[in-house]
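The structure under discussion appears below in the form of structure tokens.
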Amino acid sequence: MSAPAHSIKRSGGARLAGLVIAAHGRHYLVAPEHEPHALLQCFPRGKKSEVAVGDRVVYEQSSADQGVIVEIGERRNLLYRSDQFKSKLFAANLDQLLIVLATEPHFSEDLLGRALVAAEANELKPLIVLNKTDVTAALPAARERLARYRALGYEVLELSIKTQPEEALTALRARLLGHATLLLGQSGMGKSTLVNLVVPNADVATREISTALNSGRHTTTFTRLYPLPEGGALIDSPGFQEFGLYHLTEGRLERAFPEFRPLLAHCRFYNCHHLHEPGCAILEAMADGRVARERHALYAQLVHEASQVVR
């Protein structure tokens, strides 16, 4: 799961280790390693320090409920979205990505595709949840839209969290056990319902976190980590409408499409961009239906976005 505490250097008696469990702007909530329920509001030392939920940190306590983050432990990974202007951290030290979709409202296939690329680029296991299967009229169309992702080997878990909560809980527990899982999804897909099902007293914990952060804002505006009773953690992030991957290089992008990977060694030119080059194995596979045109279009769009330079 998260980076082990022993990987963090300690110096001096006033420095303590903890886990970042919530973030709102530059306000962070840290659960001390020695007393996980005594939450502290912490600020990073130095303006350039970027802290993420899931980080193991060293902090210096400045009062009964406040501290200063002085060191960030070594990360196994860091998931974030970006455009050419800014980046937004999701979380660090993750094992898997749980993407929540629903039969209705209509989910964005563009956001789904980008989330899967981000998972692949960070070597995270992706799991797609199709919620609201009780809306039977919309179910066939949703299944049809997800067929190409199933064909690529991605697991799609069909649930009706509201009408069949016990079955949903059993299925989710089996996949969340012992893993640090980031929960992503647009508004209206049932993310909050899922959290409340999986995390005992999630509403109470969220209110406590909101109060401790002094955010004074709606509880969905910050990212927070919930330890799971059986082991592991669920990290919930605010709903969003964009998922820029400006920071991914072309080399990382091409390898983040599993259907591209077996073909990469067969292009005529070693530096093929897979956009319009002659002898491109990926373009040939798209022409004969082995690679979906929509997936190649997403790749081309991401390459285009990554090439944009701010002047």
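Just so it is clear, the structure is predicted and the values come from calculations on it, not from any experiment.
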Q: Tell me, please, which residues at least two apart from Y154 pass ring-ring contact (aromatic ring centres under 6.0 Å, His included).
A: none
Taking the side chain as C-beta and beyond, is there a heavy-atom pair between [X] and [Y] under 4.5 Å?
X	Y	result
L94	N122	no
L157	L172	yes
I69	V30	yes
Q41	Y28	no
L29	V20	no
L139	L130	yes
E284	H266	no

Pairs flagged by salt bridge (Lys or Arg N to Asp or Glu O under 4.0 Å) wherever [range] is involved - sequence neighbours left out:
range	answer
residues 174-200	E155-R175, K191-D236
residues 112-126	D110-R114, R114-E305, E120-R261
residues 244-260	E259-R295

Q: Rounded to the nearest 0.5 Å, what's the gap from NZ on K162 to CG on D134? Could you check?
A: 9.5 Å
Q | From S192 atom OG to L197 atom CG, the distance as rounded to the nearest 0.5 Å | A | 12.5 Å
Q.
Check for me, please, whether L234 and F90 land in the same ILVMFWY cluster - side-chain distances under 4.5 Å, paths through other members count.
A. yes
Q) If Ile, Leu, Val, Met, Phe, Trp and Tyr residues are connected whenever their side-chain heavy atoms lie under 4.5 Å apart, and connections chain through other members, are L89 and I99 in the same group? A) no
Q) Considering residues at least two apart in sequence or located in another chain, which fulfil the side chain to side chain contact (heavy atoms under 4.5 Å, CB included) criterion with L275? A) H273, E277, Y299, A300, V303
Q | Contacts of Q164 that satisfy side chain to side chain contact (heavy atoms under 4.5 Å, CB included) - sequence neighbours left out | A | S160, E167
Q.
The criterion is salt bridge (Lys or Arg N to Asp or Glu O under 4.0 Å); which residues satisfy it with D83, sequence neighbours excluded?
A. K86
Q. Taking only residues two or more places apart in sequence or in another chain, which ones pass salt bridge (Lys or Arg N to Asp or Glu O under 4.0 Å) with E230?
A. R173
Q: Under 4.5 Å between side-chain heavy atoms, chaining through other members, with only Ile, Leu, Val, Met, Phe, Trp and Tyr counted: pull out the rest of the cluster around L177, sorted by chain and number.
A: none
Q.
Quick check on H37: does its NE2 atom have over 12 non-hydrogen neighbours (other residues, nucleotides or ligands) under 6.0 Å away?
A. no
Q) Is the side chain of H274 donor-acceptor paired with the backbone N or O of H296 at a distance under 3.5 Å, no angle test? A) no
Q) Got a sec, which pairs hit ring-ring contact (aromatic ring centres under 6.0 Å, His included) with one end in residues 92-150, sequence neighbours left out? A) none
(Q) Going by side chain to side chain donor-acceptor pair (under 3.5 Å), name the residues that satisfy it together with T193, two or more places apart in sequence or in a different chain. (A) none
Q | side chain to side chain donor-acceptor pair (under 3.5 Å) involving N196 - partner list, sequence neighbours excluded | A | none
